[in-house]
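Notes follow once the structure below has been shown.
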Amino acid sequence: MVTNINNILNTKKKECVAMILAGGQGSRLYVLTSKIAKPAVPFGGKYRIIDYTVSNCVNSGFDTVGVLTQYQPLLLNEYIGNGQPWDLDRLEGGVTILPPYQKNFGYDWYTGTANAVYQNLHYVERFDPDYVIVLGGDHIYKMDYSLMLEYHKEKNADCTIAVIDVPIEEASRFGIMNINDDGSIYEFEEKPKIPKSNKASMGLYIFNWDKLRKFLIEDNEDAESSKDFGKNIIPKMLAAGERMFAYSFRGYWRDVGTIESLWQANMDLLDEDFKNDLPDWKIYSRTTGKPPHYIGATGSMKNSIISEGCEIYGFVEHSIIFPGVKINEGCYVKDSIIMANSVIGANTSVEYSIIDENAEIGSNSKIGEKRTEATGITVVAKDIKIGGGVTVNPGDMIDGDIVG
Amino acid sequence: MQALGIVFSDIHEWDVGALTTNRTVAAIPFAGRYWLIDFVLSNMINSGIHKVGVITKSNYQPLMEHIGSGKDWDLSRKNGGIAILPPYGEDSRAGLYRGRLDALTRIANYISNSPQEFVVMSDCDMICNINYKNVIDFHIKSGADITAVYNEHYIDKESAAHSTLYTIPEDSSNHNPDRITEVYIEPWYVEGGTFKVSMNTWVMRKDYMLNMIANSIATGKTHLVRDILLAEVDNINIAGYEHKGYCAHINSINNYFKYNIEMLDNNKRNELFYNTGRNVYTKVRDSEPARYGENANVRNSLVADACIIDGTVENSVIFRGVKVSKNSVVKNCVVMQDGIIGEDCNLEWIIADKGVIITDGKKLTADKEYLMYITKNKRI
């Protein structure tokens, strides 16, 4: 007798299943992702990058979310856990971590974004969805996906791709959608030399599940394919004449794939414009539960975000300070991001730098330099100890201890 | 050595006056983001107590919302977990309870149905970080019928009138050195001094408690401290367990202010939150971290998440979601959740309850000797 897994798990039909691609290494974040996956990188004073995508799903009413992990998944798996902080601990659906796994005919790593979803066809099928939304886990934005799904239905589309207007002079860095007046896509160009439009793909797709399923299976048979949504699935669907539409998103959206873009997106939080971007759209995260932060008699700060459990005795300007950070007397912290539980010794200056979690920097040291066009961002990796009286040059990446 | 936890959420509410007009003692906010009950619940879960009943009397709806399923304290469980126990009773015992003992009689079934061997009872007015395991161990070793937790500290006349004091004779020949021999309930006549102050926390075996409840119903006893501890002090063996860590007794508006401001002291804050390694949990609000503007000038203050500070803040405790606008000065104040201070304001020696709005240009200055309390949601 064959037992259907749906009978055991009591799975009910879901209109739309979300698949978050969180397996990427994020190699351009260098030391920040040497121990963790890019979506797990801390952001904005208390969050991790993936919090934005997962919170968007929940706030949009999508309660069935698969998170595809591969590179350094340990922290990410633990962080997502049962999904409780995002209200995704559900009887039906909820969040499921989907790592590569061994099958009776062998095993594969995820060889591309499309392959990752292909290897989890059975997960999606359990919910018998009408639609699947495929998302990256590495962008900072607040977006109501349900509006995009409405649009997808309205257009009677097979695939809807979210696009954002980028300055035309930068368009050749993106995957560009060329569209007709009715929003339908007639051409997709990956990093075109001479772009015809400024509608950049956000790597965010809604598919009719039966169509996506068919193309995933076909693409998997194609030995030439690199099994990627942008490179293979989308062009193949276009070539087959499927109904493809672009959905224009008008809010704040940032890729945080590089040290510079990660730094900039953090600093955008200090910007007036960003504050007004869907202020009631909460971003959820797994929190540390510390008491409020304490500003000492010698502490002061300007234009900064400071999280719980910090102790600030120095001067902080235009910076993002994560929970449990201690900044001692005489410190000068400017244009910097200091992640959870790091300690900055007395009279040390930290400028235009990213200090990862749990780092310890001694007294009278100098990390980075004043931000100018020419200086690079200084990065100190997780758990690193830097002694007293040390100078770390701007643009350096420190991933080994330095004795003072 | 499993224990059942019982929390009295609203004993003493008359003591703290205005703060409890619209809330239970359990719901009094403290240290920028906590409620008093958070400390008791955290102590319980951190001591391995996984089944907790919260006895309520009135105004308990916000408390139910705060606690929810109990998951923020890891108390959402199949075996045990947290239960709100609202007023309930049959026949002649229906209606609101009169004292702790009376309340216990109404939950006798809840207690007897619990498989735990011991019961830890606590009020919410004492802020501390205590390991009840040590109290239970002490209770077993001492062979006492009831163990009462106390903290030895100086109290003034006002505090004495809101406290229970114990006497344990210091006599080296005493073969029962921890035994409490005298109990004083709210001794208003005491001029102040150092005493063994009841932390309103007691431990006993469950069987002992069920017997006590049965006897109380038969004899019409209703008050644990008056009818059992005080009345029976010579007949039953009551042992005193000294808690040596941080202890704050919220028993008046003045003490409420004093202990909040005391949290600015690193040693006190570390003692309560960090040194024991036992976290204090509260309801997760998923608010953004605090944000400081160009004009912010903050010294010696505690500032919670979701605050937006663009003015001057000194020697103050600022709760979650408070806004201090530019050119305003907030000095020696406790500003509770979601308060809004407009521009060009000056506030000194103020306790602003939840949701207070101070409009632009208001100057409100009280004195160290005479604090000003602004009621919940008041707009000035």
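The figures that follow rest on heavy atoms only: side chains count, while hydrogens, waters and symmetry mates do not. Here is how names work: the chains are called A, B, and so on, in the same order as the sequence lines, proteins then strands, and each is numbered from 1.
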How close do [X] and [Y] get, heavy atom to heavy atom, and via which atoms?
| X | Y | answer |
| --- | --- | --- |
| B:Val317 | B:Asn260 | CG2-O, 3.3 Å |
| A:Leu76 | A:Ala40 | CD1-CB, 3.9 Å |
| B:Ser328 | B:Gly342 | OG-O, 2.5 Å |

Need one label for [X]: side chain, backbone, both or neither, based on atoms under 4.5 Å from any heavy atom in chain A.
| X | value |
| --- | --- |
| B:Ala296 | both |
| B:Asn266 | side chain |
| B:Tyr274 | side chain |
| B:Phe273 | side chain |
| B:Val284 | side chain |
| B:Leu264 | both |

B:Asn43 side chain to B:Ile130 main-chain N or O, any donor-acceptor pair under 3.5 Å?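 Judged by distance alone, yes, a pair lies under 3.5 Å.
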Exam field: side chain A:Asn347 to backbone A:Ser363, donor-acceptor pair closer than 3.5 Å: no
For chain A, the option from [options] that forms the most heavy-atom pairs under 4.5 Å:
| options | value |
| --- | --- |
| B:Gly293, B:Ala304, B:Ser301 | B:Ser301 |
| B:Thr282, B:Asn295, B:Asp305 | B:Asp305 |
| B:Glu314, B:Arg299, B:Arg320 | B:Arg299 |

Taking non-hydrogen atoms and a cut-off under 4.5 angstrom, which of residues 335-345 of chain A neighbour chain B?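 Interface residues of residues 335-345 of chain A: none, nothing closer than 4.5 Å to chain B.
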Contact listing (chain B partner; residues 301-319 of chain A; heavy atom under 4.5 Å): A:Met301, A:Lys302, A:Asn303, A:Ser304, A:Ile305, A:Ile306, A:Ser307, A:Glu308, A:Gly309, A:Glu311, A:Tyr313
Per-residue contact mode, [X] against chain B (heavy atom under 4.5 angstrom):
| X | result |
| --- | --- |
| A:Thr287 | side chain |
| A:Thr298 | backbone |
| A:Tyr47 | side chain |
| A:Lys282 | side chain |
| A:Ile283 | backbone |

Centroid-centroid under 6.0 Å between [X] and [Y] rings:
| X | Y | value |
| --- | --- | --- |
| B:Tyr34 | B:Phe39 | yes |
| A:Phe43 | A:His139 | no |
| A:Tyr79 | A:Trp86 | yes |
| B:Trp73 | B:His66 | yes |

When you measure from the centre of the six-membered ring of B:Phe319, is the NZ or CZ of B:Arg33 under 6.0 Å away and within 45° of the axis? no
Could you tell me which of A:Ala297, A:Pro291, A:Gly289 has the largest number of non-hydrogen atom pairs under 4.5 Å with chain B?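 Highest number of heavy-atom pairs under 4.5 Å: A:Pro291.
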Aromatic rings A:Phe62 and A:Tyr145: how do their planes relate, parallel, tilted or perpendicular, breaks at 30° and 60°?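 Rings of A:Phe62 and A:Tyr145: parallel, as their planes differ by under 30°.
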